[in-house]
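Inspection log for the structure reproduced underneath, given as structure tokens.
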Amino acid sequence: MKLNRRAILASLGVMGGSAAIAGAGTQALFSDTERVTTTATAGEIDIQLDWKAYHNGTRIAAMEPTDTDGVVAAQFDDLKPGDTGCFSLSLHNETNPAWVWLAVDIESETDGGDDSTGETDCSEVTYPLVCGQDTTDGTVTVSTDDSTLVVEYNAPTGESFTESHLGIEDDYDDFQKNVAPGQLTYSDGDATTVEAGYIRYEIPFGEAGIKCGDEIVIAAHASSDSGETCWAGSTELPGKNWALGMTHEVCCGDSSDTEAGQLADNIYVDVFWDDDQDCEIDQGETVEYEDITLRSLTENIGKETGGMMPAWYSQGTQYLSFAWNIPISVGNEIQGDSLELSFTVYAEQRRHNDNPSSPWPTS
């Protein structure tokens, strides 16, 4: 019998079919099936904000945690010398650990037109002392005395200073990149007072090349007896050595020859992590800035200077309060003035991101 290929394949198919039929009638096999699956879901970073606002002790605004972009959170109207208030901002992160930056900026200003001024009170401005990249209760206070810039260092509780350095420039970029403390202009030998926990510099305006109304950048460095390196302020100097600086406006007591008196120059602010949300600085709460003008605050932590990155590991809820006051000594210079202030919060994942950089890089 002669078979072609097609026929052979057909015959094999029949034979296979016959075997299968025969088996079906003679055996039963145990069987079992197990099955697992995996899923992949991207995580998220979702920062929410809520806030409370008070004016002369009366609550004027409140908001539950929300996602927001540009909403007017509070309006402080009819401000007068002697007024006080507080804006308390809560930052919520219930998703993944994140780095968080905050920027405070003056978006717009309107001059009311009556800028007649007499004597203006130039209060001391206090900046936080950051040691080993942790904010401490140590401070650097800047003030003016006649035509002299006064810079005072106060050591953290239980600490002493072993050395200090001071630099004054017109801009952050004027500092040498990766500046070392010894490269700053002034050191302990130039200070008028050097004690274990207190150092005072008195720099004549002419020597530093500054005058009333100038905006300057101060780099204040100190070493503590515990071996920590300390810097004042919150804005990084050029480079990668975490050296910090602070923007300061030189204020002079007699403002009759200057165009002082805008609202931002006469609102004084305390900025602190308000654990119990009472708008008051309590023992143990971290103070970022104390008795600083609103303008100086925005010059230190605005977008143009990179904002501020809190030291905490952001997961959960943190409370930041801005308690403000207008000194009773302020006169007509703020009459009719207005401004718009913005608070911007940015979050970025922490995992696989050990060296984050500000979302608002400085030039």
Side-chain angles (χ1 to χ4, degrees), residues 120-132 134-170 172 174-175 179-235 237 243-254 268-271 281 287-293 296-297 299-300 327:
T120 297
D121 179 22
C122 288
S123 299
E124 298 176 342
V125 180
T126 301
Y127 299 90
L129 195 61
V130 181
C131 299
D134 291 325
T135 302
T136 70
D137 62 356
T139 60
V140 169
T141 299
V142 184
S143 61
T144 55
D145 183 7
D146 292 331
S147 296
T148 301
L149 186 74
V150 180
V151 183
E152 299 172 277
Y153 296 56
N154 292 280
T157 301
E159 298 278 347
S160 298
F161 293 131
T162 57
E163 65 174 353
S164 70
H165 299 87
L166 178 69
I168 302 171
E169 299 289 353
D170 293 330
Y172 285 94
D174 293 334
F175 286 94
V179 62
Q183 295 170 325
L184 299 177
T185 306
Y186 304 99
S187 60
D188 285 350
D190 304 300
T192 56
T193 304
V194 178
E195 299 174 353
Y198 175 78
I199 298 172
R200 178 186 175 98
Y201 287 88
E202 297 179 5
I203 310 298
F205 282 9
E207 179 181 320
I210 60 178
K211 62 183 184 300
C212 296
D214 279 357
E215 183 179 289
I216 59 175
V217 177
I218 301 173
H221 162 268
S223 296
S224 70
D225 57 358
S226 63
E228 296 286 3
T229 296
C230 304
W231 294 90
S234 62
T235 302
L237 298 178
L244 301 177
M246 48 197 174
T247 304
H248 180 79
E249 184 175 353
V250 180
C251 177
C252 299
D254 184 358
Y268 288 82
V269 187
D270 296 334
V271 182
I281 300 174
V287 178
E288 297 289 350
Y289 292 91
E290 189 170 7
D291 203 27
I292 186 173
T293 67
S296 291
L297 177 68
E299 289 168 348
N300 276 277

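Residues Val194 and Phe161 are not in side-chain contact: their nearest non-hydrogen atoms beyond the backbone lie 4.5 Å or more apart. By the 4.5 Å heavy-atom criterion applied to side chains, Thr126 and Asn154 are not counted as neighbours. Here the side chains of Thr247 and Thr235 are not in contact, with every heavy-atom distance at 4.5 Å or above. Two residues are said to be in side-chain contact when any heavy atoms from C-beta on lie closer than 4.5 Å; Leu149 and Thr144 meet this criterion. Within the 4.5 Å cutoff, no side-chain heavy atoms of Glu159 are placed close to those of Glu228. Val250 places a side-chain heavy atom less than 4.5 Å from the side chain of Phe205. When side chains are defined from C-beta on, Ile203 counts as touching Ile168, because their heavy atoms get closer than 4.5 Å.
Judged by distance alone, the side chain of Glu207 and the main-chain N or O of Pro204 form no donor-acceptor pair under 3.5 Å.
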Checklist entry - Given the rule in the side-chain contact (heavy atoms from CB on, under 4.5 Å) test, do Asp270 and Ile281 qualify, once you have shown the distances and angles that lead to the verdict? => result CA-CA 9 Å; Asp270 296 334; Ile281 300 174; 4.0 Å; yes
Checklist entry - Can you check disulfide (SG to SG under 2.5 Å) on Cys251 and Cys212, steps first, answer last? => result CA-CA 6 Å; Cys251 177; Cys212 296; over 6 Å; no
Checklist entry - Hey, mind stepping through Thr139 and Leu129 against side-chain contact (heavy atoms from CB on, under 4.5 Å) and telling me if it holds? => result CA-CA 5 Å; Thr139 60; Leu129 195 61; 5.6 Å; no
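Between Leu184 and Ala219, the shortest heavy-atom distance links the atoms CD1-O, 3.9 Å. For the pair Gly233 and Tyr289, the tightest heavy-atom approach, listed with the atom from each and the gap, is C-OH, 4.2 Å. Of all the heavy atoms in Ala232 and Val140, the pair that sits closest is CB-CG2, 3.5 Å. Between Tyr268 and Thr293, the shortest heavy-atom contact is CE2-CG2, 3.5 Å. The two residues Ile199 and Ala191 come nearest to each other via the heavy atoms CG2-CB, 4.0 Å. For the pair Cys131 and Thr136, the tightest heavy-atom approach, listed with the atom from each and the gap, is CB-CG2, 3.9 Å.
Residues Asp225 and Thr162 have side chains that never bring a donor and an acceptor to within less than 3.5 angstrom of each other. A donor-acceptor contact closer than 3.5 angstrom is absent between the side chains of Ser234 and Asn300. For the 3.5 Å distance criterion, the side chains of Tyr186 and Ser164 fail to qualify, holding no donor opposite an acceptor.
In this structure, CD on Glu163 lies 8.5 Å from OG1 on Thr229, to the nearest 0.5 angstrom. The CG atom of Leu297 lies 5.5 Å from the CD1 atom of Ile292; values are rounded to the nearest 0.5 Å. We find the CD-CD distance between Glu299 and Glu249 to be 6.0 Å, quoted to the nearest 0.5 Å. Interatomic distance, Met246 CE to Ile218 CD1, rounded to the nearest 0.5 Å: 4.5 Å. Glu195 CD to Ser160 OG: the interatomic distance, rounded to the nearest 0.5 Å, is 10.5 Å. Asp170 contributes atom CG, which lies 8.5 Å from atom CD1 of Ile216 (distance to the nearest 0.5 angstrom).
Aromatic ring pairs are classed by plane angle as parallel below 30°, tilted from 30° to 60° and perpendicular above 60°; the pair His221 and His165 is tilted. In this pair, Tyr127 and His248 present their aromatic rings perpendicular. The plane angle is above 60°, beyond the 30 to 60° band.
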